[in-house]
Every structure is written in structure tokens, then in C-alpha cells.
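In what follows, a structure is listed as C-alpha cells, so that the remarks can point back to it.
Order of appearance sets the numbers: ligands from 1, and atoms from 1 within every ligand. By convention here, the first residue in the shown sequence is residue 1. In what follows, every heavy atom counts, from backbone to side chain, and hydrogens, waters and symmetry copies are set aside. Since we're looking at a predicted model, the values are computed, not measured.
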Amino acid sequence: MDEQIVLSFPEWLSEIDENIESKIHSIVKENSISVEQAKKLIEEKVKGGFFSKKDIDFSKMTFKVENSFAISVNQKRHFETRKVERKTVPYDPDKFSKVGFEDELEEVWAQYLIDKFTKKELQWVRGGSAEVSPCGTCDSRGLIRCPKCKGKGEYYEKCSKCNGKGEIQNKCPSCNGRGKVNEGQITVGGGKKIGAGAGYSSREVQCIRCNARGYLSERCPKCSGQGQLLITCNQCKGSGEITCTTCLGYQQLYTCDMITANCKPTEQSFIVSNFDKVKSSWFNSNKTIPSEYFEISEELDLGEYVKPASKDGRVLLEGYDLKTIPITRVKLNDGKKENSIFIVGKGKDIIGATASYLDYTKIFLFVVLPLLAALAVLYFLVLK
Ligand SMILES: [Zn+2]
Ligand SMILES: [Zn+2]
Ligand SMILES: [Zn+2]
Ligand SMILES: [Zn+2]
């Protein structure tokens, strides 16, 4: 018979919570279980039917009780990548005159701006990186030669009425566009009795008016026969100049470093315990222990528990949610094999056990059989 208290924990836990050691000590002390108590708790479960009596024969076993703890750790990381790009834009004094002109160049990682643990991208002007320069495209005039009229303010455009031909063609009204006209004749049939055989005959002749073309050409009235029209340039409205496309008329350019920060938060959970069979569900079933939240403004090295963040960025903040529960391991040894039962939580009402202590007959009778029966009933009901 043996009783033991196991209190060791990884170093980094006290970097998260400096009082973790005393917290662990008091939790384990308050909830320590003696060999006698452990026996009693296990016996109650035997009566309750969870274990079978033949497996837990205390008279043939040695007991080893280890009072310890487990901590459920939820880690959130605020991980950011940042890149710097030099950018030049038109200098709008209303927008830029107060941005980026600090005396000292801002360190890329100096500002912490993105919302905690939120996936987001943010851009800002790097402090001290801004400069204003004259616009070379327009020689700081704010205007450049109009590309449409090449600075003339007007240009010739093909006449739309005559399509550039200078003349338009109208349908000949005499022949109605046919180029031929009917020449009507009165004929007198056979030269016999006048009136008796009188008839009308006609023949087609070429239209003299349009010279058989069917249309009449006329000088285009819109362009006076020029075929083109002088138009005031609609891009520069006749001035021959347009707003400079480089400086947008501001005559100066603003150049600065833009910092782009990209936050990809990560989250992972794991359990710290001296026992390796601890399950996360053991924490959920104990409502009396509240979790505690801590924030650390740097990346902690948690050794094997968590992979370090990738090197292309930085962890600017870490959040830790810690939930500590007492756990007692009872090692039972009947000379042939050693097995463990866990007494978990302040309520001591949860007992985890390794499989060899479970009563398979009872599990079969009370779990598997009813399930099969229910399935069978369901099967017949559906068939009907
Ligand atoms: Zn005609
Ligand atoms: Zn015309
Ligand atoms: Zn123009
Ligand atoms: Zn310009």
C-alpha cells in the first residue's frame, strides 16, 4: 500500500501564470485521496455495476495511489506576417500632408494594430518613410498635352452624313430610282376604223434626268463637300491640354513605404498531466472548476506540446485558457498485470478505468442487447 503526491509541471506554465505552482499544490492537496478512500470509491462503483467483483478483489491486490492533476490548455496565437512596399501616388495634401513625415523611420513591427486573434489584413503608411517630389510627367504643371487632338484643341472627323465622300445621293424623283421611265403612246389599231381598235401601248426608255443611274448626286450640305468636319476636341474641350494622369493635377507625387500586415490566428488545445491517458471530456464533466485566461505578449516555447510558429512572421500575442482538475491514479496489481483507475475532478465522481476492469458481460446485457432489440423493432416497424 502506497500513497504519493505528484506535482511536477513544465516550466513554461509559470510563464503563463506565475501562481500556477501554488494553485496546483492547493488543488492537489484539497483533493488528495488516501488508499482507504480510493478503495471505498471503487467499491461503490462495483456495487453500482460498473466493475465486476471478480476483477476487483482487493484482498489479492496491491494498491498504489498517486494524487496529481491535469491542466487543459487552450492556446490562441495572434500570428502576423508583414511586408513593406514602396509606393508612389499623386500627392493630395488633404490626404497625405500629415502622414508618414515623422522624424524617425518606423520599425516594421513597432505597431500592434490588428484586432486581437482576428483574421484580417491591414495596410498603413510606415512612419517617417514619406517624401514629396515634383511630377516629372507634367513638369509640375498638372497638365499634359491632350493625346486625342495632339494639343490642337480640335481635329477633323469624317463627315457622318456623306461618310467622307463629300456628296450624297438622292433617289431620282423622275424614275423613282429605276433609271428608266415609261414613254406612253397612243396607237391606232390597223389604221382602220378610228375608235374601234384604239389602244394604249408603252415602252421603257432611259431616264434622262439621272442619266439612267437612278439617283442624283448632290454636294453634302453638312461638310460642304469636304467629306470631313473640324470638331472641337471633347477630351480637352478645345484647350489642347488635359489633367496630368500621373499626378492627377496635384503637380507633386507622394512616395512612401506601405506596410501590409496579415493576421492568421491559430488555436490549439492539449492536456498537461503526469498521466498520459487523460481525456479532454474529463474536464467538461467537472463544472466546479472555472478556467482562467491569460495573455502573453510573446511567443512561448512550449517544447513538444506545440509546434513553434513559422518563421515568415511573428507571434505578437498569445492567449491561454487554463483549466486545472485534480486527478488521482490508482494502480492495482494482482501479481499478473497492473492496471489503472482514475478518480477525476473535485466531485471524485468520475472514474476512468483501463479496459480490462470493465465487466463485458454487463456491458453486453445492458448496452449492446437493448440496442440490438431497439434496432430489430425499428427494422420490423419500417418493413411493415
Ligand atoms: Zn432618273
Ligand atoms: Zn459630308
Ligand atoms: Zn484635345
Ligand atoms: Zn503631373
Revision key, fill the gap. Output field for angle at the Zn ion (ligand 1), Cys172.SG vs Cys207.SG, rounded to 10°, should show 110°
**Study point:** Apex the Zn ion (ligand 3); atoms Cys146 SG and Cys236 SG; angle rounded to 10 degrees
**Key:** 120°
**Study point:** Test item: Val84 and Arg126 side chains (from C-beta on) under 4.5 Å apart, heavy atoms
**Key:** yes
Study note, to complete from the structure: Output field for angle at the Zn ion (ligand 1), Cys175.SG vs Cys210.SG, rounded to 10°, should show 100°
Review point. Do Ile20 and Leu300 belong to the same hydrophobic cluster, where Ile, Leu, Val, Met, Phe, Trp and Tyr are linked whenever their side-chain heavy atoms lie under 4.5 Å apart, directly or via other members?
Key: yes
Review point. Would you call the rings of Trp12 and Tyr305 parallel, tilted or perpendicular, where under 30° means parallel and over 60° means perpendicular?
Key: perpendicular
Point to revise | Close aromatic pair by centroid cut-off 6.0 Å: Phe342 and Phe275 | key: yes
Check your understanding: Once rounded to 10°, what is the value of the angle centred on the Zn ion (ligand 2) between Cys220 SG and Cys159 SG?
Key -> 110°
